[in-house]
Amino acid sequence: GAGVSQSPSNKVTEKGKDVELRCDPISGHTALYWYRQSLGQGLEFLIYFQGNSAPDKSGLPSDRFSAERTGGSVSTLTIQRTQQEDSAVYLCASSPVGGTQYFGPGTRLTVL
Amino acid sequence: AQTVTQSQPEMSVQEAETVTLSCTYDTSESDYYLFWYKQPPSRQMILVIRQEAYKQQNATENRFSVNFQKAAKSFSLKISDSQLGDAAMYFCAYRSAWGGGGADGLTFGKGTHLIIQP
């Protein structure tokens, strides 16, 4: 079956602009995760959804970052007023409850 | 908080040889999961192998096997008969078994870049 998909594959934006990154999980996976991969910080866990609910948002780097999930499926990670330090690959993963996480191909964000 | 350490930034092995990638972790929990993921240049993170901490038997998947030493908090990955397609970044990861909120997120090591010499 289809895996996790993410869009766009690459995004170049100017400092100060808002961006939206999209994740389509594997059908039937109730859990969804966002991670950030950067040269300086490695792989960081950002946020986790169980259904449409995000019990813990403490991993988000700043209040410029927000995420939502609707219909227990698609999730959007929004970064407002982007900064150069937001440049990274943003990875999404999904899993059954308590199961193994399967990752999407990521979105490479470049902030100029 | 849990930490995962991969002490080998880069490893090189001849094709068809065996290579072992090291991983250690720190946790106060008794029940957890450990994973090895592979990330080729395409960026796609691919699950290689998974180990449940309550299982004493080491996990194996074809040419990939682990040496899980719970007391030593060590989780190394052995790749036998290395192939050119094994070239990638390899990440060791930890997840709590208790779940809920941030505990479900994976904690990753910094990764090991594996080079396969033809």
Side-chain angles (χ1 to χ4, degrees), chain A residues 2-11 21 23 25-26 29-51 53-61 67 88-110, chain B residues 1-10 23 25 27 29 31-55 59 61 64 66 75 88-113:
Chain A
V4 178
S5 62
Q6 292 186 244
S7 60
S9 177
N10 292 282
K11 176 72 176 179
L21 312 179
C23 173
I26 292 171
H29 281 189
T30 55
L32 185 147
Y33 311 79
W34 284 99
Y35 295 86
R36 180 170 70 174
Q37 185 174 25
S38 60
L39 283 175
Q41 300 298 321
L43 276 151
E44 307 170 84
F45 167 66
L46 298 180
I47 192 168
Y48 152 75
F49 286 91
Q50 177 54 42
S53 174
D56 182 0
K57 300 181 180 179
S58 62
L60 294 174
V89 174
Y90 290 82
L91 294 167
C92 175
S94 71
S95 77
V97 175
T100 296
Q101 295 178 29
Y102 294 91
F103 284 79
T107 295
R108 180 178 297 280
L109 175 65
T110 303
Chain B
Q2 294 79 26
T3 59
V4 177
T5 302
Q6 293 178 250
S7 59
Q8 307 151 317
E10 187 172 280
C23 173
Y25 57 95
T27 184
E29 298 177 332
D31 202 8
Y32 47 86
Y33 301 96
L34 296 165
F35 306 85
W36 279 98
Y37 281 90
K38 165 185 174 180
Q39 187 179 41
S42 66
R43 285 201 316 247
Q44 182 88 44
M45 294 282 277
I46 302 164
L47 177 68
V48 175
I49 203 162
R50 161 186 165 131
Q51 174 81 44
E52 291 86 351
Y54 65 85
K55 290 187 178 178
E61 285 289 342
F64 299 86
V66 297
F75 183 61
M89 284 292 291
Y90 284 80
F91 292 94
C92 179
Y94 172 104
R95 183 175 78 79
S96 172
W98 295 106
D104 278 294
L106 294 168
T107 301
F108 286 91
K110 296 290 188 184
T112 296
H113 181 210

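Numbered from 1 within each chain, the chains take letters A, B, ... in sequence-line order.
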Of all residues at least two apart in sequence or in a different chain, which pass the side chain to side chain contact (heavy atoms under 4.5 Å, CB included) check with A/E44?
A/R36, A/S38, A/Q41
Closest contact, heavy atoms only, A/Q101 versus B/Y37:
O-OH, 2.7 Å
Pick one of side chain, backbone, both or neither for A/L91, based on which atoms fall under 4.5 Å of a heavy atom in chain B.
side chain
Given that the side chain runs from C-beta out, which part of A/S9 has a heavy atom under 4.5 Å from chain B: side chain, backbone, both or neither?
both
Given heavy-atom pairs under 4.5 angstrom as the criterion, report whether the side chain, backbone, both or neither of A/Q50 touches chain B.
neither
Interatomic distance, B/L47 atom CG to A/Y102 atom OH [nearest 0.5 angstrom]
6.0 Å
Return the CG to CE distance between A/L43 and B/M89, rounded to the nearest 0.5 Å.
8.5 Å
Atom CZ in B/F108, atom CD in A/Q37: separation rounded to 0.5 Å?
8.5 Å
Taken in chain and number order and not counting sequence neighbours, the residues that satisfy salt bridge (charged side-chain N to carboxylate O under 4.0 Å, His left out) with B/R43 are none
Shortest non-hydrogen pair, A/Y35 vs B/L106, comes out as OH-N, 2.8 Å
